[in-house]
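The next block holds one structure in the form of structure tokens; read it before the comments.
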Amino acid sequence: MKKISVIFLAGLLSVGLTACQTSPTPDGDATQANIAYLGRYDCVSIAMDQLTMNPAGKWVQLHADGTMTTFLTEGSDEAEWTVSGENFTMTVAGKTVGTGTLAGGTLTLDLSGVEYTLTQEGTTPTGDSDPAATHATFNCYGGLYAVRYPTERYHEDPAGVSDLYTDDGVKGWITKLDTQERVDEWLAGFDAKAVDESIENYQTLDLTVSGYSARAIVYQDANGWHSEILVPFGKDLGTKTYPMYAAYLYFAGDTYEGVWNEDIQSIVSSLSVSSH
């Protein structure tokens, strides 16, 4: 299974952005030309190697003195920016750390292979630049879970609050486990399938999902291929009305490739958890 070290890359970016910071001051003409670009840009999509990630809370701010404040990792960092035509360059101490485009209120930025799309406050991008045209956010149980996914692969089931389907026959859903006892029962069920004579091609996988150590099993039975993923939080992240000790995802398909392919991994990797 393909594994991407997003946290490692983000760490490298954070180190690079906080080292040797400078604040260049452009001449008056350059400042005047850049007035239209100044302001805050909120992140609307993050992608890396065909995986989509949660963009919520990520942003950059372009300042008139040629510096920029970024909040793309776990905290704010400082860098410098220039734009030539539509070509955008982000530097730290004179070293290029990111490139992209800036036009029509949309900033695209490639940082170490992570592609960010951000929109300027007060603007409404149109056409292909609008991420809403290709992505949707699926919420479950009053927003306790948020999964961002490509609309051409997945869509919400009008008859269910937590169902996900693909055009090639893969069906899935996400729910919560509301007690620690249920979490323990689910994990025991994972182990029971390993010795169940009706189960074939059993595999167990260790994952990191939304920052938590998670476990997945993939197996085949008389009904086809299945994948079950459990993300235990170790505590209640829910509310009095919606207790939440774990997130549980389930997918079923006709083949192993169908039930555990890059599309499914994209869904798993994009899971974010909000405690209300």
Side-chain angles (χ1 to χ4, degrees), residues 6 9-10 13-14 16-18 21-48 51-92 96-139 142-151 210 270-276:
V6 176
L9 288 175
L13 174 60
S14 178
L17 294 181
T18 54
Q21 298 169 2
T22 62
S23 298
T25 302
D27 58 38
D29 292 340
T31 301
Q32 186 67 28
N34 289 342
I35 285 179
Y37 301 130
L38 303 182
R40 172 168 166 146
Y41 291 73
D42 292 310
C43 191
V44 294
S45 71
I46 306 174
M48 185 177 73
L51 298 180
T52 59
M53 290 161 275
N54 185 11
K58 308 300 183 184
W59 52 267
V60 304
Q61 182 98 19
L62 303 185
H63 305 297
D65 63 356
T67 63
M68 63 187 293
T69 303
T70 70
F71 198 97
L72 300 176
T73 54
E74 295 301 318
S76 62
D77 298 294
E78 301 296 323
E80 302 88 45
W81 67 279
T82 58
V83 62
S84 176
E86 294 185 358
N87 297 320
F88 184 89
T89 303
M90 175 178 170
T91 60
V92 173
T96 298
V97 296
T99 58
T101 61
L102 178 54
T106 298
L107 170 63
T108 65
L109 192 58
D110 187 322
L111 300 175
S112 301
V114 183
E115 299 176 359
Y116 297 86
T117 301
L118 308 101
T119 58
Q120 190 177 23
E121 280 189 335
T123 63
T124 304
T126 58
D128 293 338
S129 64
D130 183 2
T134 56
H135 291 83
T137 298
F138 164 76
N139 293 306
L144 288 175
Y145 308 103
V147 179
R148 192 168 184 277
Y149 60 93
T151 54
S210 195
S270 65
L271 175 68
S272 63
V273 180
S274 302
S275 56
H276 290 188

How far apart are the C-alpha atoms of Leu62 and Leu102, what are their side-chain angles, what is the distance that settles it, and do they pass the side-chain contact (heavy atoms from CB on, under 4.5 Å) test? CA-CA 11 Å; Leu62 303 185; Leu102 178 54; 4.1 Å; yes

Working for side-chain contact (heavy atoms from CB on, under 4.5 Å), residues Met90 and Val60: CA-CA 11 Å; Met90 175 178 170; Val60 304; over 6 Å; no

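Atoms CZ and OG1, from Arg40 and Thr119 in turn, are 10.0 Å apart once rounded to the nearest 0.5 Å. We find the OG1-CG distance between Thr117 and Leu107 to be 8.5 Å, quoted to the nearest 0.5 Å.
At distances below 3.5 Å, at least one donor-acceptor pair connects side-chain atoms of Trp81 with backbone N or O atoms of Thr67.
What you find for Leu111 and Val97 is that their closest heavy atoms are CD2-O, 3.3 Å. A pairwise comparison of heavy atoms in Gly98 and Leu109 identifies C-CD1, 4.1 Å as the closest pair. Summarising the geometry of Tyr116 relative to Leu72, their closest heavy-atom pair is OH-O, 3.8 Å, with the distance given to 0.1 Å. The nearest pair of heavy atoms linking Cys43 to Ile46 is SG-CG1, 3.5 Å.
Counting only N and O atoms by type, the side chains of Gln120 and Thr106 include no donor and acceptor under 3.5 Å apart. Side-chain atoms of Glu80 and Thr91 include a donor-acceptor pair closer than 3.5 Å.
Taking the side chain as every heavy atom from C-beta outward, Thr108 and Phe88 never approach each other to under 4.5 Å. For the pair Thr69 and Glu78, the minimum side-chain heavy-atom distance is below 4.5 Å.
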